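Working notes, beginning with the structure itself.
So that the names make sense, note that chain A is the first sequence line, chain B the second, and so on, each numbered from 1. Fair warning: this is a prediction, and the values are worked out from it, not measured in the lab.
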Amino acid sequence: MTKKKIVLLDGNSLAYRAFFALPLLTNEKGVHTNAVYGFTMMLETILANEKPTHVIVAWDAGKTTFRHSTYTEYKGGRQKTPPELSEQFPYIRKLIEAFGITQYELDLYEADDIIGTLSKECNDAEAEVVIISGDKDLTQLANDQTTVCITRKGITDLEKYTPAHIEEKYGIAPLQIIDMKGLMGDASDNIPGVPGIGEKTALKLLKEYGSVEAVYESIDQITAKKMKENLVNNKEQAFMSKELATIEVHAPITVSLNDLDFVGRNEEEVIQLYKELQFKSLLEKMDVSVEVQPLEEIAVHTVEEITSEMLTDTMSVHVEIDGDNYLSEDILGIGLSNDTDTYFITTELATSSDLFKSWIADHATRKYVSDSKSAYAAIARLGMELNGAEFDLMLAAYIVNPSFSTNEVSEIARSFGYHGVESDEAVYGKGAKRTVPASEQLANHTARKAHAVWELYPVVTKQLEDNEQRDLFHDLELPLAKILGKMEVTGVKTDVDVLKTIGEQLSERLAVIEKTIYEMAGETFNINSPKQLGVILFEKIGLTPIKKTKTGYSTAADVLEKLASEHEIIQHILLYRQLGKLNSTYIEGLTKEIHEDGKIHTRFQQALTQTGRLSSINPNLQNIPIRLEEGRKIRAAFIPSETEWIMFAADYSQIELRVLAHISQDEKLIEAFRQGADIHTKTAMDVFGVNEEEVDSNMRRAAKAVNFGIVYGISDYGLSQSLNITRKEAGEFIDTYLASFPGVKQYMDTSIIDAKQKGYVTTLLKRRRYLPDITSSNFNLRGFAERTAMNTPIQGTAADIIKQAMIDMDARLEKENMQARMLLQVHDELIFEAPIEELEKLKEIVPEVMEQTIQLDVPLKVDWNYGKSWYETK
DNA sequence: TGTGTCACG
DNA sequence: ACGTACGTGACACAC
């Protein structure tokens with residue numbers, strides 16, 4: 001008889017892991033399937049790799065366990081299981097059943113205890129045991145017969161904890177893992193441990209004394225005063241924590257090894273389930289043909305002639321584009337839909353129809369659009385005007401939840417439970433194989449999108465209402481879409497000769513620097529390759545690597561700057577990088593983007609960022625150089641589109657700190673802004689405890705960095721990096737700052753608590769960002785979510801404000817009957833072009849509108865400038 | 001297609 | 001202790 005091999009799986013832990021490792025997927029019924037899919041992948045991989053004779057999946061029984069009688073707060077503060085995961089558990093159970101695997105749960109016990117008890121039984125029976133979980137606690141069960149595999153990254157990558165591996169990794173034996181948890185606690189299970197003791201300290205103590213008990217027996221030998229004090233004061237808690245972390249190996253389970261025989265899966269049941277879940281690739285692997293689910297039947301009328309009867313008062317409209325660039329790609333046709341009919345109109349028909357032209361321009365007919373900004377721009381390209389857009393599916397979905405950002409109607413529809421649209425990839429194909437399909441299929445696809453918008457209007461509108469986001473959507477984002485569309489179509493005139501001249505100068509200089517670098521290196525190599533550069537610097541020349549990346553040595557600028565004194569080549573490389581960037585991204589990149597009209601037409605993504613900001617693509621005009629003079633010259637290429645016009649730029653001064661003052665209600669910060677103080681100097685006075693005259697440039701610079709840090713959700717490490725000081729010094733700065741601005745401290749704390757409680761944070765205009773990681777047991781993920789909780793309301797409120805200002809500004813220019821045009825938004829600044837005659841008026845109204853757009857408890861301040869090019873607006 | 005780097009607010 | 005500052009997009013390289 002072959003030796004028995006038993007695999008014990010921790011069901012809850014692996015289901016969670018699968019859920020969070022994979023993006024949300026749904027089948028056609030709208031049931032989420034990502035956790036089931038991940039779990040399936042894990043099962044298949046494990047069974048194939050381990051070839052077990054016996055398998056079991058253990059589940060946690062319920063909320064209350066025997067550990068709660070020891071400590072009522074055990075596993076406290078955990079976020080509830082997301083409903084998207086809860087609904088998947090029945091499927092995971094069905095799946096396990098179809099695989100012919102026993103599953104077991106036991107009242108008052110956790111999966112850990114079932115696994116512990118069974119592994120003990122198997123050990124006694126001298127069988128080989130493999131435990132699979134995402135929870136490192138289980139590693140305490142490792143021994144010569146038992147390997148504990150913990151999910152590492154993704155879903156099928158497992159780290160194998162054998163006693164040898166644990167010894168190598170932590171320097172302790174498996175059972176000492178329990179002592180380690182006793183000392184350091186476990187945030188994910190809310191096990192307290194001893195304050196001030198983390199992994200490093202816990203391991204140090206255990207290597208010296210061996211166990212929690214031994215540590216306390218030798219407590220007098222411990223010299224570190226603070227640590228000893230913590231240990232003494234929290235003795236009971238330490239022992240309790242150890243008890244909580246100990247896996248029960250004598251649980252009263254009613255299964256035994258003999259019940260766990262694994263004979264293989266029931267192919268028919270598996271296929272049935274995979275079909276229900278639409279696991280196409282897995283079915284294909286089993287050689288089962290997958291029939292495509294027919295879409296819901298919709299009668300699509302391909303219109304021959306547009307009649308007034310078909311154009312009703314309220315309709316959904318979808319303009320289909322060949323690709324995502326609606327400013328340049330072909331307009332393939334238009335879909336229309338309402339309660340009774342769905343139509344497809346070719347572009348030619350639409351443009352030749354006066355009926356359609358007047359209907360689409362009519363403010364009185366309501367249109368529900370899939371992406372109104374795209375529609376505004378595309379309709380404008382057809383020589384018509386779109387008015388009366390009352391709903392925008394893409395924007396509405398983004399407002400409801402910005403993490404759901406896609407411009408594909410099919411994806412948005414699916415996430416709201418509507419499955420009547422195929423993906424663009426299925427219709428057009430992918431990559432090089434992409435083609436526009438035959439007219440019938442194109443008509444169908446386009447019309448289906450229009451129908452989806454119609455069907456989803458009430459669904460998404462309801463969610464906006466529930467979230468109290470109707471105003472944000474209807475009064476801010478929707479009108480903004482129209483304005484952005486106008487800005488994109490207008491474009492920015494670009495002087496190609498300026499770019500060319502700068503480019504030529506750059507090329508010459510680059511050639512010289514390149515030569516110098518090769519001479520210094522003693523060989524030619526690709527300076528743009530971090531890999532090759534790393535070899536030259538750290539192996540050939542022998543400089544000391546300061547930082548490593550996943551793939552090798554880091555050659556990032558901050559690293560190279562630290563090495564600049566070591567070797568002359570560094571400064572040349574830095575300069576080469578800087579100039580090379582200008583040349584490739586800005587000179588060559590921008591030149592390629594100049595259209596026939598001599599303008600660059602960027603597109604603003606309005607439904608992308610997690611904070612509510614815009615982004616700019618094809619090209620990005622929100623990151624044109626300014627900080628270094630050499631790069632700043634690029635801005636001279638951006639000029640007015642008409643002669644005798646000027647560029648006019650206005651930016652908010654310190655908008656994020658003003659927003660912070662407002663939402664934190666910190667009295668000192670509010671007062672500083674009301675007095676019109678230089679905020680960095682004021683911060684320096686408080687942090688360094690000096691008066692205004694004593695603040696030198698270094699102090700102000702440090703204060704500025706602290707202010708940045710505060711806005712970003714401060715960490716001592718981050719601040720230490722930006723100021724090049726030690727973490728300790730940075731930490732002291734932060735403490736002093738927060739002591740001196742208690743309102744800010746209060747804000748930081750409450751925004752995190754708030755995010756934990758509600759699962760999301762909000763901006764002034766009720767924009768939301770969900771932060772599921774805020775309760776993660778992973779320090780990195782949680783820390784990131786916490787900083788985001790602090791930063792997003794600030795950055796997002798600033799975005800709300802400038803968006804409102806753009807709407808007000810557009811209205812004001814209209815009202816004043818001005819020719820001036822808004823061209824660009826760069827997060828806290830607006831750029832216009834205008835006839836020189838309008839300059840005086842602009843100087844007056846731009847700051848006025850921007851400053852008055854939303855009233856905060858501190859004044860908003862706007863600086864402005866003008867000139868013959870963007871460069872001159874400084 | 002992912003990674004590293006660097007441009008902006 | 002953990003090893004990151006927040007938010008973006010584009011380019012070159014290496015696979």
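- Atoms CG (A:L657) and P (B:dG9) sit 15 Å apart, rounded to a whole Å.
- Atom-to-atom, CD1 of A:I794 to P of C:dA5 comes out at 18 Å; the value is rounded to the nearest Å.
- One can place OH of A:Y652 at 19 Å from C1' of B:dC8, the figure rounded to the nearest angstrom.
- Counting any heavy atom pair closer than 4.0 Å across all strands shown, A:I197 reaches no nucleic acid atom.
- The aromatic rings of A:F648 and A:W864 lie parallel to each other, their planes meeting at an angle below 30°, with 60° marking the opposite boundary.
- Comparing the P positions of B:dT5 and C:dA5 gives an interatomic distance of 13 Å, to the nearest angstrom.
- Proximity of A:R632 to the phosphate of B:dA7: no side-chain N or O atom is located under 4.0 Å from OP1 or OP2.
- For the side chain to side chain donor-acceptor pair (under 3.5 Å) test with A:T792, the passing option among A:R787, A:R769, A:R768 is A:R769; the others fail.
- Rounded to a whole Å, the CZ atom of A:F604 is 17 Å from the P atom of B:dC8.
- Atom CZ of A:F708 sits in a sparse spot, with 12 or fewer heavy atoms from other residues, nucleotides or ligands closer than 6.0 Å.
- Distance A:L560 CG to B:dG4 P: 15 Å, rounded to the nearest Å.
- A:K531 has a side-chain polar atom (N or O) that falls below the 4.0 Å cut-off from OP1 or OP2 of C:dC15.
- Residue A:V826 is classed as a sugar-phosphate contact, given heavy-atom separations below 4.0 Å to backbone atoms only.
- Side-chain N/O atoms of A:R627 and base N/O atoms of B:dG9 include a donor-acceptor pair closer than 3.5 Å.
- Closest-nucleotide positions on DNA chain C for A:P619 and A:L719 were compared, and the one nearer the 5' end corresponds to A:L719.
- Among the protein residues, A:T201 comes within range of the sugar-phosphate backbone only, with heavy atoms under 4.0 Å from sugar or phosphate atoms but none that close to a base.
- Among the heavy atoms of the strands lying under 4.0 Å from A:T551 are primed sugar atoms or P, OP1, OP2 only; no base atom is included.
- Within 4.0 Å of A:D651, counting heavy atoms only, lies no atom of the nucleic acid at all.
- One can place CG of A:N618 at 14 Å from C1' of C:dT8, the figure rounded to the nearest angstrom.
- Between A:G589 and A:F784, the residue anchored nearer the 5' end of DNA chain C, judged by the nucleotide with its closest heavy atom, is A:F784.
- One finds no side-chain N or O of A:T611 lying less than 4.0 angstrom from the OP1 or OP2 phosphate oxygen of C:dG7.
- Nucleic acid contact for A:Q610: sugar-phosphate only, since backbone atoms but no base atoms lie under 4.0 Å from a heavy atom of the residue.
- Residue contacts shown for A:T549 are limited to sugar-phosphate atoms, with no base heavy atom under 4.0 Å away.
- At a threshold of 4.0 angstrom between heavy atoms, the contacts of A:A705 include nucleobase atoms, whether or not backbone atoms are also involved.
- In this structure, a donor-acceptor pair under 3.5 Å is absent between the side chains of A:Y553 and A:K547.
- A:G709 comes within 4.0 angstrom of a nucleotide base, judged by non-hydrogen atoms across all strands.
- Distance alone, capped at 3.5 Å, places no donor-acceptor pair between the A:T797 side chain and the A:I794 backbone.
- At the phosphate of C:dA5, neither OP1 nor OP2 sits under 4.0 Å from any side-chain N or O atom of A:S720.
- Residue A:K200 is in sugar-phosphate contact alone, with no base atom involved, counting any heavy-atom pair closer than 4.0 Å across all strands shown.
- The base-pairing partner of B:dG4, taking Watson-Crick or G-U wobble contacts with both distances under 3.5 Å, is C:dC11.
- Within 4.0 Å (heavy atoms only), A:R577 reaches sugar-phosphate atoms of the nucleic acid but no base atom.
- At whole-Å resolution of the value, CD in A:Q578 and P in C:dC11 are 18 Å apart.
- Rounded to whole Å, atom P of C:dT4 lies 12 Å from atom CG of A:D558.
- The distance between the ring centers of A:F733 and A:Y737 does not fall below 6.0 angstrom.
- Across all strands, A:I617 comes closer than 4.0 Å only to sugar-phosphate atoms, never to a base (heavy-atom distances).
- Using a 4.0 Å heavy-atom distance criterion, A:Q795 is classed as a base contact.
- Residue-level contact check: A:A557 touches the backbone only, with heavy atoms under 4.0 Å from sugar-phosphate atoms and none from bases.
- A donor-acceptor distance shorter than 3.5 angstrom exists from the side chain of A:D666 to the backbone of A:V744, with no hydrogens or angles considered.
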